[in-house]
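All values below come from the heavy atoms of this structure, side chains included, with hydrogens, waters and symmetry mates left out.
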Amino acid sequence: MTKAEMKKHTCCFTGHRKIPPEEVPVVTQRLRNVLMESIKNGYRYFGSGGALGFDVLTARTVLELKQECPHIRLILVLPCRNQTRGWNKADIAEYKRIKSKADKVVYTSEQYYTGCMQKRNRHLVDNSSLCICYLKEQTGGTAYTVHYAEKCGLKIINIAK
């Protein structure tokens, strides 16, 4: 499969690190519904950035859907090898569990530096044709990534609405 063909079948995710606990069940169900529709429309590759919050939720959901749709693939696109510095033990354990079940892991940088998160986000967008997001605020990394995805011509589905 060429890079262009793969891009046509690839979806990336971007979203806030904090999702209000009372919204998690609704957001999860919306995500599941949008993913099932995307899979029906030919999407096979799902890229997640591995951050806390929405990224973890998307990765978990893709892994769950692999039970029903074993042809789909979870690709973790991580900003650096020490992404979990400062995280608590439970979050690190879940990150490692997800990483161990991912079909592919890509690091866009070896070590953390100012700008490595944006580099990761651009990589996700540059290799996708669909962006599923959880966007409620018009500033910050998620807003930047969604605006970049729009500029690049990706279809955007915001499940926060």
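- Under the 4.5 Å side-chain heavy-atom criterion for grouping Ile, Leu, Val, Met, Phe, Trp and Tyr, Leu74 is connected to Tyr134 within one hydrophobic cluster.
- Taking both residues in full, the closest heavy atoms of Cys80 and Cys116 are given as SG-SG, 4.3 Å, listed atom of the first, atom of the second, then distance.
- To the nearest 0.5 angstrom, Arg32 atom CZ is 4.5 Å from Leu65 atom CG.
- No side-chain heavy atom of Met117 sits under 4.5 Å from any side-chain heavy atom of Arg122.
- Ser38 contributes atom OG, which lies 10.0 Å from atom CD1 of Ile72 (distance to the nearest 0.5 angstrom).
- The pair Glu94-Arg97 meets the salt-bridge criterion, since a charged nitrogen lies less than 4.0 angstrom from a carboxylate oxygen.
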ask   = Could you go step by step and tell me if Asn127 and Lys3 meet the side-chain contact (heavy atoms from CB on, under 4.5 Å) rule?
value = CA-CA 8 Å; Asn127 291 283; Lys3 189 172 181 173; 3.3 Å; yes
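- Relative to the ring axis of Tyr45, Arg73 does not place its NZ or CZ within 45° and under 6.0 Å from the centre.
- No chain of hydrophobic side-chain contacts below 4.5 Å, direct or via other Ile, Leu, Val, Met, Phe, Trp or Tyr residues, connects Val125 to Leu130.
- Under the 6.0 Å cut-off for aromatic ring centres, His16 and Phe54 do not qualify, their centroids lying 6.0 Å or more apart.
- Linking Ile, Leu, Val, Met, Phe, Trp and Tyr residues whenever their side-chain heavy atoms come within less than 4.5 Å leaves Val77 and Leu63 in two separate clusters.
- Residues Leu78 and Phe13 are members of one and the same hydrophobic cluster, defined by side-chain heavy-atom contacts under 4.5 angstrom among Ile, Leu, Val, Met, Phe, Trp and Tyr.
- Proximity of Val62 to Ser48: side-chain heavy atoms (C-beta onward) are nowhere separated by under 4.5 Å.
- Looking at Cys69 and His71, their side chains come closer than 4.5 Å, going by heavy atoms from C-beta outward.
- Put simply, the side chain of Asn82 never gets that close to the backbone of Arg85: no donor and acceptor are under 3.5 Å apart.
- No side-chain heavy atom of Lys104 sits under 4.5 Å from any side-chain heavy atom of Leu76.
- One finds the CG atom of Leu124 at 8.5 Å from the OG1 atom of Thr108 (value rounded to the nearest 0.5 Å).
- For Arg30 and Glu23, the salt-bridge test fails: no basic side-chain N is under 4.0 Å from an acidic carboxylate O.
- Side-chain contact check for Ser128 versus Leu154: some heavy-atom pair is nearer than 4.5 Å.
- Rounding to the nearest 0.5 Å places CE of Met1 at 9.0 Å from NZ of Lys8.
- Here the straight-line distance linking atom CD of Gln83 with atom OG of Ser109 works out to 11.0 Å at 0.5 Å rounding.
- The heavy-atom pair separating Glu137 from Ala143 by the smallest distance is O-CB, 3.6 Å.
- Interatomic distance, Ile159 CD1 to Leu57 CG, rounded to the nearest 0.5 Å: 7.0 Å.
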task = Show your reasoning for whether side-chain contact (heavy atoms from CB on, under 4.5 Å) applies to Cys133 and Ile157.
result = CA-CA 6 Å; Cys133 65; Ile157 300 174; over 6 Å; no
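- Within the 4.5 Å cutoff, the side chain of Ile132 has heavy atoms near those of the Leu35 side chain.
- The number of heavy-atom neighbours closer than 6.0 Å to NZ of Lys7, taken from other residues, nucleotides and ligands shown, is above 12.
- Hydrophobic clustering (side-chain heavy atoms under 4.5 Å, transitive across Ile, Leu, Val, Met, Phe, Trp, Tyr) groups Ile19 together with Tyr95.
- Counting heavy atoms from C-beta on, the side chains of Glu5 and Thr2 come closer than 4.5 Å.
- Electrostatic pairing of Asp103 and Lys66 counts as a salt bridge here, judged by a charged N lying under 4.0 Å from a carboxylate O.
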inquiry  = Using side-chain contact (heavy atoms from CB on, under 4.5 Å), reason through Cys12 and Cys131 one step at a time and then give a plain yes or no.
reply    = CA-CA 5 Å; Cys12 66; Cys131 177; 3.9 Å; yes
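- Note on ring orientation: taking the six-membered ring where Trp is involved, the planes of Tyr43 and Phe46 are tilted (angle from 30° to 60°).
- When each of Asp126, Thr14, Asn121 is paired with Tyr148, the side chain to side chain donor-acceptor pair (under 3.5 Å) condition holds for Asp126 and for no other.
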key: Worked verdict on Gln29 versus Asn33 for side-chain hydrogen bond (donor to acceptor under 3.5 Å, both in side chains)   = CA-CA 6 Å; Gln29 189 56 54; Asn33 293 345; 2.9 Å; yes
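- Taking 4.5 Å as the limit, some side-chain heavy atom of Asp91 sits within range of a side-chain heavy atom of Leu52.
- Smallest separation of non-hydrogen atoms from Asp55 and Thr58: O-OG1, 2.7 Å.
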